[in-house]
Amino acid sequence: MKIVAMVPIKLNSERVKEKNLRPFYDGKPLVQFILEALVKSKRVDEVYVYCSSERIKDYLIEGVKFLKRPEYLDGNTCNCNDIIREFMKEVDADYYVVSHATAPFTTPESIDRCIASVVDGEEYDSAFTVEKIQTFLWSNGKPMNFDPSHFPRTQDLDPIYMETSGAFVFPREVFETYQRRIGVKPCLVEVSPEESIDIDTEYDMSVAQALYKQMKENQ
């Protein structure tokens with residue numbers, strides 16, 4: 001059984017310029033956080049960065065392989081499933097882990113929990129990390145998860161789970177069947193608020209950098 005992890009990287013990010021290479025408090029670039037977590041995983045056999053630019057090779061850590069991807073996959077019309085499909089044509093495995101550099105505080109333990117839920121049993125055909133949201137939510141001007149006339153305490157609300165970018169785990173046959181990284185019986189692996197941080201904006205980047213600085217100073 002072979003488990004391969006892939007981190008898709010696009011250097012020409014729009015909302016946060018060159019965010020994957022952006023240095024943190026001690027000079028460590030963003031991309032290295034998730035790579036370290038994957039390399040430390042007890043279940044992952046190989047780790048790849050899948051990027052159209054060889055410039056990323058200067059930022060890779062030991063134990064990570066570089067695979068050049070077609071430049072058209074950098075386009076805004078391509079999604080992660082398109083990227084996975086092309087990657088699978090070049091790298092064969094029984095199970096795949098897809099993680100994103102935008103989730104810098106994802107831990108090896110959370111990645112391994114995702115893998116274990118799919119590999120070690122028959123209940124789930126895929127898994128991904130999630131953040132639990134338990135608050136009053138609205139959509140299109142209407143409450144989603146509560147009755148405003150008889151609203152409960154927030155801790156009594158039915159939780160809603162939001163995907164994070166930490167890890168998506170699936171066997172080859174699930175992707176080939178459904179052409180997506182999530183099957184029909186996924187396991188939602190809850191992670192901590194820190195692990196749920198996902199860098200999409202400059203504000204997100206500032207929060208992540210401040211948190212990392214605090215974590216390092218408290219060591």
Side-chain angles (χ1 to χ4, degrees), residues 3 5-8 15-16 19 30 33-34 36-38 40-44 79-81 84 95-171 174-175 178 180-215 218:
I3 301 174
M6 182 267 284
V7 179
R15 284 179 291 181
V16 183
K19 65 181 176 183
L30 176 62
F33 287 82
I34 194 64
E36 288 181 354
L38 290 166
K40 291 177 181 177
S41 162
K42 296 178 180 178
R43 306 295 296 265
V44 173
N79 61 35
C80 194
N81 288 329
I84 294 168
Y95 294 88
Y96 294 88
V97 180
V98 175
S99 295
H100 296 269
T102 52
F105 304 120
T106 302
T107 65
E109 292 77 18
S110 293
I111 294 168
D112 286 342
R113 281 194 292 142
C114 283
I115 295 171
S117 67
V118 181
V119 174
D120 295 346
E122 298 181 357
E123 183 177 0
Y124 303 110
D125 67 354
S126 52
F128 55 94
T129 50
V130 297
E131 176 185 9
K132 182 171 75 171
I133 298 175
Q134 207 162 7
T135 189
F136 301 111
L137 300 173
W138 292 72
S139 178
N140 297 320
K142 298 180 180 179
M144 291 177 60
N145 61 338
F146 70 100
D147 179 353
S149 299
H150 307 283
F151 58 88
R153 300 179 304 168
T154 53
Q155 59 264 42
D156 295 328
L157 286 168
D158 289 334
I160 293 176
Y161 295 92
M162 180 178 69
E163 291 182 15
T164 80
S165 299
F168 295 82
V169 178
F170 51 90
V174 163
F175 190 90
Y178 303 108
R180 64 188 193 218
R181 62 188 178 183
I182 298 174
V184 295
K185 296 185 296 181
C187 178
L188 279 60
V189 177
E190 186 179 339
V191 298
S192 68
E194 292 80 11
E195 289 186 75
S196 300
I197 291 175
D198 197 339
I199 299 174
D200 282 326
T201 66
E202 286 288 350
Y203 173 78
D204 298 333
M205 178 66 78
S206 298
V207 169
Q209 290 180 327
L211 177 59
Y212 180 66
K213 184 175 185 291
Q214 184 183 51
M215 291 165 61
N218 290 339

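Values in this document were obtained by computation on a predicted structure and should not be read as measured data.
To the nearest 0.5 angstrom, Asp112 atom CG is 10.5 Å from Ser117 atom OG. Going from atom CD1 of Ile133 over to atom OG1 of Thr154 covers 13.0 Å, rounded to the nearest 0.5 Å. With rounding to the nearest 0.5 angstrom, the CD atom of Gln209 is 8.5 Å from the CG atom of Leu30. Distance check, rounded to the nearest 0.5 Å: CG of Leu211 to CD1 of Ile197 gives 5.0 Å. Annotation: the span from Arg181 atom CZ to Met6 atom CE amounts to 9.0 Å, rounded to 0.5 Å. For the atom pair CD1 of Ile111 and OG of Ser41, the computed distance is 6.0 Å after rounding to the nearest 0.5 Å.
Side-chain N or O atoms of Arg180 include none that pairs as donor or acceptor with a backbone N or O of Val174 at under 3.5 Å. Put simply, the side chain of Ser110 never gets that close to the backbone of Thr106: no donor and acceptor are under 3.5 Å apart. Judged by distance alone, with hydrogens and angles left aside, the side-chain atoms of Asn145 form a donor-acceptor pair with the main-chain N or O of Leu137 at under 3.5 Å. Although no hydrogens or angles enter the test, the distance criterion places no donor-acceptor pair under 3.5 Å between the side chain of Asp156 and the main chain of Pro152. Side chain of Ser99 to main chain of Gly166: a donor-acceptor pair is present (N/O by atom type, distance under 3.5 Å, no hydrogens or angles). Side-chain atoms of Lys19 come within 3.5 Å of backbone atoms of Ile199 as a donor-acceptor pair (strictly under, hydrogens ignored). Formation of a donor-acceptor pair under 3.5 Å by the Asp125 side chain with backbone atoms of Lys185 is found in this model. A donor-acceptor contact shorter than 3.5 Å is absent between the side chain of Asn140 and the backbone of Lys142. Counting only distance, with no hydrogens or angles, the side chain of Arg153 and the backbone of Gln155 share no donor-acceptor pair below 3.5 Å.
The heavy-atom pair separating Glu163 from Val130 by the smallest distance is CA-CG1, 4.3 Å. Residues Val118 and Ser126 come closest through the heavy atom pair CG2-C, 3.4 Å. In plain terms, the two heavy atoms of Ile34 and Ala103 that are nearest each other are CD1-O, 3.9 Å. The nearest pair of heavy atoms linking Pro186 to Phe128 is CB-CE2, 3.7 Å. Of all heavy-atom pairs between Tyr161 and Glu190, the closest is CE2-OE1, 4.0 Å.
The list of side-chain hydrogen bond (donor to acceptor under 3.5 Å, both in side chains) pairs with a residue in residues 128-139, not counting sequence neighbours, reads Thr129-Thr164. Within the structure, ring pair (Phe, Tyr, Trp, His ring centres under 6.0 Å) contacts touching residues 184-210 (residues at least two apart or in different chains) do not occur.
With sequence neighbours excluded, the residues forming a ring pair (Phe, Tyr, Trp, His ring centres under 6.0 Å) with Phe175 are Phe170, listed by chain and number. Residues satisfying the side-chain hydrogen bond (donor to acceptor under 3.5 Å, both in side chains) test with Tyr95, not counting sequence neighbours, are none. Scanning for salt bridge (charged side-chain N to carboxylate O under 4.0 Å, His left out) contacts around Arg43 gives Asp120, with sequence neighbours left out. Applying the salt bridge (charged side-chain N to carboxylate O under 4.0 Å, His left out) test to Lys40 and every residue at least two apart in sequence or in another chain returns nothing.
Within the 4.5 Å cutoff, the side chain of Asp198 has no heavy atoms near those of the Asp204 side chain. Ile84 is listed as a side-chain neighbour of Cys80, based on a closest heavy-atom distance under 4.5 Å. Residues Val98 and Pro8 are in side-chain contact: their nearest non-hydrogen atoms beyond the backbone lie under 4.5 Å apart.
In Asp158, the CG atom is not crowded: 12 or fewer heavy atoms of neighbouring residues, nucleotides or ligands sit closer than 6.0 Å. Around the CZ atom of Phe151, the shell of radius 6.0 Å holds no more than 12 heavy atoms that belong to other residues, nucleotides or ligands.
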Under the criterion ring-ring contact (aromatic ring centres under 6.0 Å, His included), I'd like the reasoning laid out for Phe168 against Tyr96: C-alpha separation, chi angles, the key distance, then a yes or no.
CA-CA 8 Å; Phe168 295 82; Tyr96 294 88; over 10 Å; no
